[in-house]
Amino acid sequence: METEPGDPQTFHVESNAAESDFRSLFRLETSLVEVCKKLLELSPELAPYAKGLPGLRIMRPTATAETAISFLCTPNNSLHRIVPMVKRLAAKGEVLLEHRGRTIYAFPSIGQVADLSEAELKEAKFGYRARTIPEIARQMIDRGGEEWLEDLKQKPYEQVHEELIELTGIGPKLADCIALFALDKTEAVPLDTHMWKMAVKHYFPQFEGKTVTGKRYQEVSEFFRDQFGELAGWAQQLLFYDSLTGGQATIDA
DNA sequence: CTATAACCGTAA
DNA sequence: TACGGTTATA
């Protein structure tokens with residue numbers, strides 16, 4: 001499957017699903033070459049990071065609740081711990097099938113996560129999130145659970161963010177992650193520590209050495225939305241990926 | 001308003 | 001021992 005002209009990357013996918021499903025999943029209708037060009041016109045100082053963009057795609061959200069719940073594992077955490085945590089969480093759902101001694105589980109529903117015991121998650125190395133994850137799930141259930149999330153998808157970004165941070169345990173960054181990756185709100189610009197440093201370095205020198213407050217988060221996040229509009233999420237990916245790879249951004253992986 | 005401690009596990 | 005988001009507190 002070719003991605004786009006000028007982009008040497010190709011996908012090799014074996015599946016019984018239709019090619020159109022993968023085009024949708026990886027947003028292949030978006031030309032990253034074009035996105036890159038527009039981003040550099042808007043902000044030439046991004047040039048050093050641009051080489052990481054071709055091949056770096058924001059997937060279109062599919063499993064809303066599953067994605068939202070998975071992101072509850074991410075605050076104040078690193079990828080190396082998040083991945084195994086999500087895997088252990090994913091094994092808490094219903095048994096789908098047993099095959100050759102292996103059990104396949106469905107991802108737990110929000111209600112099932114809400115009912116997980118703190119002790120059970122502590123056992124699974126969730127640390128203090130053994131308390132916070134079911135607590136957040138319970139607050140989601142109070143608001144309608146899966147249905148509440150689906151309804152949020154239809155609402156404007158500002159309202160989505162507002163409603164999400166009402167839950168204790170969901171701050172501005174996590175709310176933006178859920179808005180972007182689970183609810184398809186492409187205006188969301190999650191400001192994690194990497195993004196904060198990039199923003200300070202390139203656009204907010206006055207915040208050098210300052211901590212992130214709610215007000216500053218709002219200001220910087222809004223700046224990215226104003227500066228890049230619909231492309232804010234791509235700018236975010238660009239800077240985030242470079243920061244993750246320590247400036248050694250390549251598309252080999 | 002802003003800054004800081006505490007939360008937990010990993011090794012950024 | 002530093003680190004990473006959020007909350008509670010000063």
Side-chain angles (χ1 to χ4, degrees), chain A residues 49 52 56 67-92 110 113-114 116-140 142-143 152 157 160-183 185 188-201 204-224 232-233 236-250 252-253:
Chain A
Y49 311 107
L56 182 65
T67 307
I69 291 288
S70 296
F71 266 100
L72 302 187
C73 298
T74 65
N76 200 18
N77 211 347
S78 64
L79 210 49
H80 294 96
R81 192 154 58 111
I82 292 167
V83 173
M85 275 175 71
V86 171
K87 280 185 181 166
R88 288 190 288 263
L89 192 59
K92 299 291 185 185
I110 301 179
V113 174
L116 291 173
S117 76
E118 180 173 352
E120 183 180 4
L121 289 178
K122 270 259 164 67
E123 186 79 16
K125 310 251 183 207
F126 276 68
Y128 65 84
R129 294 178 196 79
R131 178 179 53 80
T132 60
I133 292 176
E135 204 170 270
I136 297 171
R138 265 176 251 124
Q139 298 172 72
M140 289 179 168
D142 289 343
R143 286 160 171 77
L152 280 184
Y157 162 74
V160 169
H161 195 261
E162 221 171 89
E163 287 197 40
L164 285 173
I165 59 176
E166 278 175 21
L167 309 208
T168 302
I170 298 188
K173 142 70 164 60
L174 181 52
D176 273 328
C177 284
I178 294 175
L180 176 62
F181 295 112
L183 304 176
K185 296 296 157 194
V189 182
L191 281 191
D192 77 324
T193 184
H194 306 292
M195 277 302 288
W196 173 253
K197 285 173 187 153
M198 285 292 188
V200 169
K201 180 175 172 186
F204 292 85
Q206 69 273 32
F207 291 156
E208 183 69 54
K210 301 282 187 186
T211 59
V212 189
T213 64
K215 189 177 151 67
R216 288 176 193 151
Y217 186 100
Q218 168 73 14
E219 184 180 349
V220 173
S221 172
E222 212 168 275
F223 163 81
F224 277 108
Q236 196 264 351
Q237 288 299 292
L238 195 74
L239 292 171
F240 182 74
Y241 186 65
D242 181 83
S243 187
L244 262 192
T245 54
Q248 303 300 304
T250 66
D252 298 333

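Only a predicted model underlies this, so the values are computations on that prediction, with no experimental measurement involved.
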Next on the checklist: If you apply the rule side-chain contact (heavy atoms from CB on, under 4.5 Å), what do you find for A:D176 with A:K185, and how did you get there?
Outcome noted: CA-CA 8 Å; A:D176 273 328; A:K185 296 296 157 194; over 6 Å; no
Item to check | Chi angles and distances behind the side-chain contact (heavy atoms from CB on, under 4.5 Å) call for A:T74, A:L174 | outcome: CA-CA 8 Å; A:T74 65; A:L174 181 52; 4.0 Å; yes
Next on the checklist: Between A:L89 and A:F126, is the side-chain contact (heavy atoms from CB on, under 4.5 Å) condition met? List the steps.
Outcome noted: CA-CA 9 Å; A:L89 192 59; A:F126 276 68; 4.1 Å; yes
Next on the checklist: Quick one, A:D192 with A:M195, criterion side-chain contact (heavy atoms from CB on, under 4.5 Å). Give me CA distance, side-chain angles, the key distance, then yes/no.
Outcome noted: CA-CA 5 Å; A:D192 77 324; A:M195 277 302 288; 3.4 Å; yes
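Side-chain N/O atoms of A:K210 include none lying less than 4.0 angstrom from OP1 or OP2 on B:dT2.
The stretch residues 126-139 of chain A participates, sequence neighbours left out, in these salt bridge (charged side-chain N to carboxylate O under 4.0 Å, His left out) pairs: A:R131-A:E135.
The OH atom of A:Y128 sits 10 Å away from the P atom of B:dG9 (whole-angstrom rounding). The CG atom of A:N76 sits 15 Å away from the P atom of B:dA5 (whole-angstrom rounding). Across the protein-nucleic acid pair, A:M85 atom CE and B:dC7 atom P stand 17 Å apart, rounded to whole Å. Computed from coordinates, the A:E208 CD to B:dA3 C1' distance equals 17 Å when rounded to whole Å.
Of all heavy-atom pairs between A:L79 and A:P84, the closest is O-CD, 4.4 Å. When every heavy atom of A:G127 is checked against every heavy atom of A:K122, the shortest pair comes out as O-CE, 3.5 Å.
Taking A:K201 as the reference, nothing meets the side-chain hydrogen bond (donor to acceptor under 3.5 Å, both in side chains) condition, with sequence neighbours excluded. With sequence neighbours left out, A:F181 forms a ring pair (Phe, Tyr, Trp, His ring centres under 6.0 Å) with A:F71. Every side-chain hydrogen bond (donor to acceptor under 3.5 Å, both in side chains) that A:N77 has, sequence neighbours left out, goes to A:R81. Legend: residues meeting side-chain hydrogen bond (donor to acceptor under 3.5 Å, both in side chains) with A:E120, ordered by chain and number and at least two apart, are A:K92. Applying the side-chain hydrogen bond (donor to acceptor under 3.5 Å, both in side chains) rule to A:E123 yields no partners; only residues at least two apart in sequence or on another chain are considered. Looking at residues two or more places apart in sequence or on another chain, you find a side chain to side chain contact (heavy atoms under 4.5 Å, CB included) between A:V220 and A:L191, A:W196, A:A199, A:F204, A:F207, A:F224.
If you check every strand for non-hydrogen atoms under 4.0 Å, A:L167 touches sugar and phosphate atoms only. Across all strands shown, A:T168 has heavy atoms under 4.0 Å from sugar-phosphate atoms exclusively, and none from any base. At the heavy-atom level, A:R131 lies nowhere under 4.0 Å from the strands shown.
For the segment residues 117-124 of chain A, no residue has any heavy atom less than 4.0 angstrom from an atom of DNA chain C. DNA chain C is contacted by A:G169, A:I170, A:G171, A:P172, A:K173, A:L174 of residues 169-181 of chain A, taking any non-hydrogen atom closer than 4.0 Å.
Counting 5' to 3', DNA chain C first comes under 4.0 angstrom of a heavy atom of chain A and last does so at the ends given by C:dG4 to C:dT7.
Rounded to a whole angstrom, the distance from the C1' atom of B:dC8 to that of B:dA12 is 16 Å.
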All N/O contacts under 3.5 Å from nucleotides 10-12 of chain B to the protein, with atom names and distances to one decimal?
{"residue": "B:dA12", "atom": "N1", "partner": "A:S78", "partner atom": "OG", "Å": "3.0"}

Could you list the donor-acceptor pairs under 3.5 angstrom formed between side-chain atoms of residues 163-170 of chain A and any protein atom two or more places apart in sequence or on another chain?
{"residue": "A:E163", "atom": "OE1", "partner": "A:W148", "partner atom": "NE1", "Å": "3.2"}
{"residue": "A:E163", "atom": "OE2", "partner": "A:K155", "partner atom": "NZ", "Å": "3.1"}
{"residue": "A:E163", "atom": "OE2", "partner": "A:Q159", "partner atom": "NE2", "Å": "3.1"}

